[in-house]
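Labels below follow one simple rule: chain letters A, B, ... track the order of the sequence lines, proteins then strands, and each chain is numbered from 1.
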There are 2 protein chains.
Amino acid sequence: MPADDQKAQAAREALRDAILSGEYLPGERLVEAQLCERFGISRFTVRAALQDLTADGLVKVERNKGAHVRKVTLDEAVEITEVRMVLEGLVAARAAARVTDAQASELDEIGLLMRRAVSAGEFRRYGDLNQRLHGLIRTIGGHHTADSIIETLRGQLVRHQFMISLHPGRPAISLPQHERIIEAIRERDPKAAESAMREHIASVIEALRDIDATELR
Amino acid sequence: MPADDQKAQAAREALRDAILSGEYLPGERLVEAQLCERFGISRFTVRAALQDLTADGLVKVERNKGAHVRKVTLDEAVEITEVRMVLEGLVAARAAARVTDAQASELDEIGLLMRRAVSAGEFRRYGDLNQRLHGLIRTIGGHHTADSIIETLRGQLVRHQFMISLHPGRPAISLPQHERIIEAIRERDPKAAESAMREHIASVIEALRDIDATELR
DNA sequence: GCCGCCAAGATTGTCGACAATCAGCAAGGG
DNA sequence: CCCTTGCTGATTGTCGACAATCTTGGCGGC
């Protein structure tokens with residue numbers, strides 16, 4: 001009966017979601033016994049899930065001191081985003097070299113929807129499109145190694161990412177950057193695609209710093 | 001008594017070394033019971049060690065099918081090295097911005113030793129210096145996030161890396177590249193340091209492809 | 001009153017045993 | 001003769017219980 005398998009894996013993802021959604025705050029202690037009761041699974045499974053999350057950098061375990069939700073400082077967030085900058089630059093360059101005509105028009109369509117969302121003031125929708133654009137570029141790039149690292153890093157930043165996307169004025173800055181990225185890939189110019197992507201994410205880093213400074217008021 | 005702790009951790013590293021040193025070949029199956037006997041530890045500890053190695057990308061576990069030493073194809077090796085290229089480029093740029101005078105002279109010294117090693121034909125020594133140079137640059141860069149990813153990726157490539165370092169003619173190609181990197185960092189020119197590092201690792205990728213083509217004859 | 005120390009509770013680390021699952025082989029039917 | 005099917009040994013997945021360790025609160029001494 002594979003029901004146990006599904007239960008164990010479901011619980012693992014439930015725990016991941018609970019942390020990602022902010023149900024457990026950064027620094028909060030994750031007591032194994034509590035998680036057992038919470039998700040109706042054994043401690044063995046809880047430990048396996050915690051090790052998974054540790055590998056993804058979402059929790060940190062100290063020997064004999066248990067697991068905590070990892071706290072990501074501003075400096076770490078900047079470092080992580082710097083790494084994303086060069087990796088997504090690499091992926092964008094490869095995307096420019098590999099893009100098909102069908103994918104090119106899909107990029108264009110996203111660009112159009114983005115412009116519409118911005119002029120209509122639909123920031124939430126713009127955020128979704130942003131994610132879809134970066135995802136499509138990574139699909140086109142087809143760089144499995146870079147992809148999985150980027151995905152891991154993204155998980156560590158959900159909190160910060162969320163704050164950025166709601167920051168007023170961001171779309172006005174990032175929309176033209178996104179347009180440049182799309183254009184460079186459509187013209188199959190790897191160097192231009194890489195530098196456009198890097199410029200874009202460099203401005204995300206600036207936004208990160210600004211937002212953090214704002215929050216400390 | 002912390003003896004057990006040390007034993008468990010020692011066994012973990014012993015298993016890692018056994019895989020890294022090539023004692024277990026890529027694709028080889030790692031049977032938990034055998035590892036228990038081999039290292040004199042319980043299955044629990046073996047499983048923990050295997051999960052560690054999985055996180056590092058050294059082994060791959062399939063449900064109910066056990067753990068295998070991960071096979072790194074040429075394409076994957078190229079991808080991994082591409083990621084290293086952009087990450088070490090990022091680190092080199094930061095190193096150029098942060099290098100102290102003492103570190104600058106240490107870089108110079110390594111450069112001198114490298115020239116000597118090449119002219120003396122001491123390839124093994126040159127390989128060690130190569131590793132020391134890259135390590136020092138990463139120390140100077142002080143980019144923890146990029147560092148740990150680079151270190152993880154390096155582990156997955158030990159086999160290929162080894163073949164490259166013994167490839168005749170490599171030092172003649174890589175020595176001037178190393179010299180350019182050192183010079184750019186010493187002159188505190190981040191852009192030059194990044195592009196020098198990327199050129200260097202791009203040529204490593206070429207070497208990877210050549211060696212693989214040679215091996216298939 | 002303050003500091004260090006000890007005991008008890010709570011939490012994590014480890015283990016051996018049992019259950020679930022898979023690979024290989026033999027027997028039977030087409 | 002080949003394919004399917006059921007069995008059997010081997011291997012991995014899961015669990016509950018016990019041991020080791022840390023934390024907390026109270027006690028005694030200075």
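When each of A:Leu136, A:Asn130, A:Leu129 is tested with A:Arg132 by the rule side chain to side chain contact (heavy atoms under 4.5 Å, CB included), just one qualifies, namely A:Leu129.
Between atom CG of residue A:Leu90 and atom CG of residue B:Leu87 there is a gap of 9.0 Å, rounded to the nearest 0.5 Å.
Side-chain contact check for B:Gln156 and B:Arg70: at least one donor-acceptor pair (N or O, by modelled atom type) lies under 3.5 Å.
One can place CZ of A:Arg47 at 14 Å from C1' of D:dG16, the figure rounded to the nearest angstrom. Atom NZ in A:Lys65 sits about 16 Å away from atom C1' in D:dA20, given to the nearest Å. With rounding to whole Å, B:Arg43 atom CZ is found 11 Å from D:dT14 atom P. For the pair B:Glu62 CD and C:dT21 P, the interatomic distance rounds to 17 Å; values are reported in whole Å.
Between B:Thr45 and C:dC15 there is a side-chain N or O to OP1 or OP2 distance below 4.0 Å.
Among residue pairs with one or both ends in residues 100-110 of chain B, those qualifying as side-chain hydrogen bond (donor to acceptor under 3.5 Å, both in side chains) are B:Thr100-B:Gln103, B:Asp101-B:Arg188, B:Asp108-B:Arg186; sequence neighbours excluded.
Between the side chain of A:Arg98 and the main chain of A:Gly141, a donor-acceptor pair closer than 3.5 Å is present.
With distances taken from any side-chain atom of A:Phe44 to the nucleotides D:dT12, C:dC22, D:dC15, the minimum falls on D:dC15. The listed nucleotides are C:dT21, C:dG13, D:dC15; the one nearest the side chain of B:Asn64 is C:dT21. Here the nucleotide nearest the side chain of A:Arg63, chosen from D:dG16, C:dG13, C:dC22, is C:dG13.
Residues of residues 26-35 of chain A that place a heavy atom closer than 4.0 Å to DNA chain D do not occur.
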**OP:** Assess whether side chain to side chain contact (heavy atoms under 4.5 Å, CB included) is satisfied between A:Leu30 and A:Leu53, documenting all intermediate values.
**Re:** CA-CA 12 Å; A:Leu30 298 168; A:Leu53 295 174; 5.9 Å; no

